[in-house]
Amino acid sequence: MVDSLFPSIETTVDDASPESRRKRRRISETAKETAESSEINQESLKRWRTNRVQQIYASKLVEALRRVRQRSNDGGKITSAAREIRDTADRVLAASARGTTRWSRAVLATRVRASLKKHKKAKLTGARKPRKDTAAERKRSKLPAVERKLKILGRLVPGCRKVTVPNLLDEATDYIAALEMQVRAMESLAELLAAAAPRSMLTRP
Amino acid sequence: MLEGLVSPENLSLSSMDMNVLERLKWLQQQQQQQVVSQSSDNSPELLQILQFHESNNDELLQSTFSHFQMLGSCFGPSPNMGFGPSHEAMDGCISRTSSFQMVPVDTMGVMLKNSEENRTISSKNKRKSEVKRREEEKTEKKIKVEAETESNMKGKSSMSNNTEASSDTSKETSKGASEIQKLDYIHVRSRRGQATDRHSLAERARREKISKKMKYLQDIVPGCKKVTGQAGMLDEIINYVQSLQTQVEFLSMKLAVLDSELELAVEDLYVKQDQTVIIQKLLIIFFLFCYEFQLQAYFTNLPVVNASKPSIMVDVPLFPLDQQGSLDLSVINLSQTTSTEAPSASWETQSRSLFNTSSLGFHY
């Protein structure tokens, strides 16, 4: 019954996708191969763009979101649910990286540590003295401008604060590719849900 | 006749070996200069080779020197390689002396060996090769050094130009050319005999690695190619990562909203007993359970669609949110419209038609 409902969509999608997918993948791959390739960067770029990875991520994401929905049940408004969804999505993304990159391992590890540290952190934030950003400090730290930016980048990529510069750049490349995939997956999921939901809202008397 | 003896050898030599020949000539020229003017030479290696020459080919070189003295006046300046008249004189001198036949066999054999080894070493990527020989010095220095203008240096740099022209296909020169185009081109003035400094070599290797990785980042981050300099590029990269993370947060919030709506809809199902409404809710539930499958089908279209466009355009449909910068729901509609290609458009119309039919009381 369900299949009869959605066969037409299925077939059109399937007809359109394999050949075009093959063609596009060939084009995109050749486009990528024309660039000078070292092993790490090329592999990381390709890894997050294959359809297989995206399918794996999408299915895992859906499962995890379903579990989240069951757990939270709209307890503390939307923001907490949003945070949970984001954490779940990040964790699923890190899991699909299969532990090869540093940031993925850090993301998966922080989940365990965060639940332990939740109580300690509330006390620590009050005790720390906030540093006033004086002009002298700014002038002092402005000299190695590139190094400062590398530090900021290290803070953005999870688990890469004390990482050497070439490794940091590698991690950043992989992280950016993974984030792009995550954004695309979540966008398509949201689009599907948006297509589903408003109809029910409208037809409700 | 003497020329006939020597010329087939010259002709059989490839262009690469001709440079060896010229190097040899230059070497002999150097030797003569040393003998004549007693100019000090910088590198110990040259002295070694000169000593080698002197020990082996003393008589030959003396004879060539005497010939040079005789024929030096006959040759004018040549535009060749910028060596000056003396080089041309040496050229003529060498081609005319009979004694020169033996010299190329020895020294050019040595030179050839050196150059071959040089090429094999240069074809590797690592720069931490042993820099004992002069030829290796030459090729590596070509990459590091700009053309110096001292008279000695001029000869050396033109020599290294020769070696570069000879090993044109080697990776090192291509890397050198690409390195010159890099953003952070650093002038390194390293003279002969100072390239054995492992620190500078290591530093150069490290910088090359970093610049290569920055180049990959440049490819993946949109809008990075316009900015020059590492600081600007890093700025762009940081902005991009932050924007991606913000997008993820925004999308997670959107998903939370949609999920709550769907939950309410499901709850409605249990509250209301209306037949048509139940069917609609059932459809939604089926949709929910099936969207995993559809998501894959739909999702496979998205990367296909986006990958088909050229690299610049890939970013535009993917990140309209990034460019708009607003968290409005209208942006979402915009993203839907911008990312519509034929398959996704058909998908949407079909899904809408489904729900239209359901609202009309579709029974199955």
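Worth saying up front: this structure is predicted, and the values here are computed from it rather than measured. Chain naming here is simple, since letters A, B, ... match the order of the sequence lines and numbering starts at 1 in each.
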Between NZ of K254(B) and CD of E187(A), what distance do you get to the nearest 0.5 Å? 7.0 Å
Which pair of non-hydrogen atoms, one from A82(A) and one from M253(B), has the smallest distance, and what is that distance? CB-CA, 3.5 Å
Interface moiety of V165(A) toward chain B, non-hydrogen atoms closer than 4.5 Å: side chain
Tightest non-hydrogen contact, residues E180(A) and I220(B), listed as OE2-O, 3.9 Å
Of D87(A), D90(A), L179(A), the largest count of non-hydrogen pairs under 4.5 angstrom with chain B goes to L179(A)
Rounded distance (nearest 0.5 Å) linking atom CG of L255(B) with atom CD of E84(A): 13.5 Å
Say you draw a straight line from CD1 of I176(A) to CD of Q245(B); how long is it, rounded to the nearest 0.5 Å? 10.0 Å
If you tally heavy-atom pairs under 4.5 Å against chain B, which of L156(A), V157(A), L153(A) wins? L156(A)
Does the side chain of K213(B) reach to within under 4.5 Å of the side chain of T173(A), using non-hydrogen atoms? no
Could you check whether any side-chain heavy atom of L169(A) comes within less than 4.5 Å of a side-chain heavy atom of I237(B), counting everything from C-beta outward? no
Contacts of E236(B) meeting side chain to side chain donor-acceptor pair (under 3.5 Å) (sequence neighbours excluded), chain-then-number -> none
Using a 4.5 Å cut-off on heavy atoms from C-beta on, say whether the side chain of L189(A) contacts that of L251(B). no
Pairs involving residues 145-168 of chain A, ordered by first then second residue, that meet ring pair (Phe, Tyr, Trp, His ring centres under 6.0 Å) (sequence neighbours left out): none
Counting heavy atoms not belonging to K209(B), are there more than 12 under 6.0 Å from its NZ? no
